[in-house]
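One structure is given here, and the rest of the page talks about it.
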Number of protein chains: 2
Amino acid sequence: MNRIETEHRDLFAIADLAKEFGITARAIRFYESKGLITPERVGATRVFRRRDRARLMLILRGKRLGFSLKDIAEYLSLYDAQSQHAQVNLLLAKVETRLARLERQQADLATTIAELREIRRLATDRLEPR
Amino acid sequence: MNRIETEHRDLFAIADLAKEFGITARAIRFYESKGLITPERVGATRVFRRRDRARLMLILRGKRLGFSLKDIAEYLSLYDAQSQHAQVNLLLAKVETRLARLERQQADLATTIAELREIRRLATDRLEPR
DNA sequence: TACCAAGTTGACGTATAGGTAAACTTGACG
DNA sequence: CGTCAAGTTTACCTATACGTCAACTTGGTA
């Protein structure tokens with residue numbers, strides 16, 4: 001299966017997604033048990049569509065950013081609420097909260113990256129004096 | 001105790017730092033048990049210097065960035081190794097690894113913040129049409 | 001038809017990061 | 001001297017995020 005085929009496909013098995021994202025099938029089932037994704041079933045077998053795949057990407061990105069699955073569930077609901085209707089004010093409040101945290105994180109990141117680059121510079125200088 | 005006093009002081013009790021950083025004394029003791037900080041003792045009582053306070057700041061920043069305490073321990077060792085001497089190449093490898101992760105995180109962050117701002121815009125529009 | 005690969009559920013185990021409670025010590029103060 | 005605040009250790013408890021295993025079903029293939 002090549003990239004083009006993957007992009008065109010509409011149905012995925014649990015192993016397809018596990019392989020594509022480098023996680024285990026067990027993890028995907030776990031996310032479903034927490035309500036983060038809701039694949040269809042054909043008999044007992046899970047069948048994933050592109051929507052589930054997209055959600056999975058959002059989940060993994062959230063994890064890379066250090067969010068708990070609970071946080072991520074709420075985050076995903078922001079996307080859902082949007083297309084539905086929801087209590088817009090509540091939605092906005094949550095978005096603001098999350099944005100505030102992320103912006104602080106962004107500042108932390110910049111500082112840390114700068115410090116690490118400085119450490120790298122000092123270490124490199126020691127390797128190549130002059 | 002005002003800011004100036006705090007800045008000038010050289011010795012801190014565990015409660016001082018806990019209060020200043022909004023964490024519990026238990027958490028600080030836990031970090032010590034993991035070797036992240038090594039306060040002096042006067043009898044059984046821990047006495048913290050500015051160095052410990054600075055490390056605590058690095059620890060908390062690391063946590064905000066989603067690192068495990070183990071990661072953070074290694075991260076702190078980068079600072080130590082620098083002033084000492086260490087195996088510079090190994091140090092550099094670790095710095096590169098960490099930088100790579102942080103830079104990916106930075107990209108994730110930018111994407112996520114943009115998406116949340118878009119969601120906020122859509123929600124705001126719904127509140128104030130026209 | 002016999003069997004393998006892939007899927008499923010459920011139970012149990014593990015690592016991380018502390019919180020909570022008990023029981024004790026110590027220094028300062030009225 | 002009594003006691004109160006603040007500190008200490010030890011032990012046990014909790015939540016999160018899966019991994020591992022057992023036991024079973026099912027669809028396709030030799």
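So that the names make sense, note that chain A is the first sequence line, chain B the second, and so on, each numbered from 1.
For the pair A:R55 and A:Y31, the cation does not sit on the ring face, since its NZ or CZ is not both under 6.0 Å from the ring centre and inside 45° of the axis.
Atom CG of A:D16 and atom P of C:dA5 are 18 Å apart (whole Å). Protein atom NZ of B:K34 is 9 Å distant from nucleotide atom C1' of C:dA15, rounded to whole Å. One interatomic measurement links the two molecules: CZ of A:F21 to P of D:dC18, which rounds to 15 Å at whole-angstrom precision. Protein atom NZ of B:K70 is 10 Å distant from nucleotide atom P of C:dA17, rounded to whole Å. A:I59 places its CD1 atom 16 Å from the P atom of D:dT16, with the value rounded to the nearest Å. One atom, CD of A:E32, and another, C1' of C:dT9, lie 12 Å apart when rounded to the nearest Å. Taking atom CD1 of A:I28 as the reference point, atom P of D:dA17 lies 16 Å away to the nearest angstrom. Remark: C1' of C:dG19 and CZ of B:F30 are 11 Å apart, rounded to the nearest angstrom.
Checking the phosphate oxygens (OP1, OP2) of C:dG7, no side-chain nitrogen or oxygen of A:T45 falls inside 4.0 Å. Side-chain nitrogen and oxygen atoms of A:R46 include none within less than 4.0 Å of the OP1 or OP2 phosphate oxygen of C:dG7. Between D:dA17 and A:Y31, no contact under 4.0 Å exists linking OP1 or OP2 to a side-chain N or O.
No hydrogens or angles were tested; on distance alone, nothing pairs the side chain of B:R29 with the base of D:dT8 as donor and acceptor under 3.5 Å.
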Would B:R61 and A:T112 satisfy side-chain hydrogen bond (donor to acceptor under 3.5 Å, both in side chains), going step by step from the backbone distance to the final call?
CA-CA 9 Å; B:R61 199 173 70 197; A:T112 304; 3.1 Å; yes
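Annotation: of the two residues near DNA chain C, B:S68 and A:A15, the 5′-most nearest-nucleotide partner is A:A15. A residue-by-residue look at B:R26 and B:I14 shows that B:I14 has its nearest nucleotide of DNA chain D further toward the 5' end.
Residue contacts for A:K63: at a heavy-atom cut-off of 4.0 Å it reaches the sugar-phosphate backbone alone, with no base atom in range. Contact annotation for B:A13: backbone-only contact, meaning every heavy-atom pair under 4.0 Å involves sugar-phosphate atoms and none involves a base.
Donor-acceptor pairing under 3.5 Å is lacking for the side chains of B:S77 and B:D80.
Looking only at side-chain heavy atoms (C-beta outward), A:E74 and A:K70 stay at 4.5 Å or farther from each other.
Ion pairing between A:R29 and A:E32 fails under the 4.0 Å rule for side-chain N and carboxylate O.
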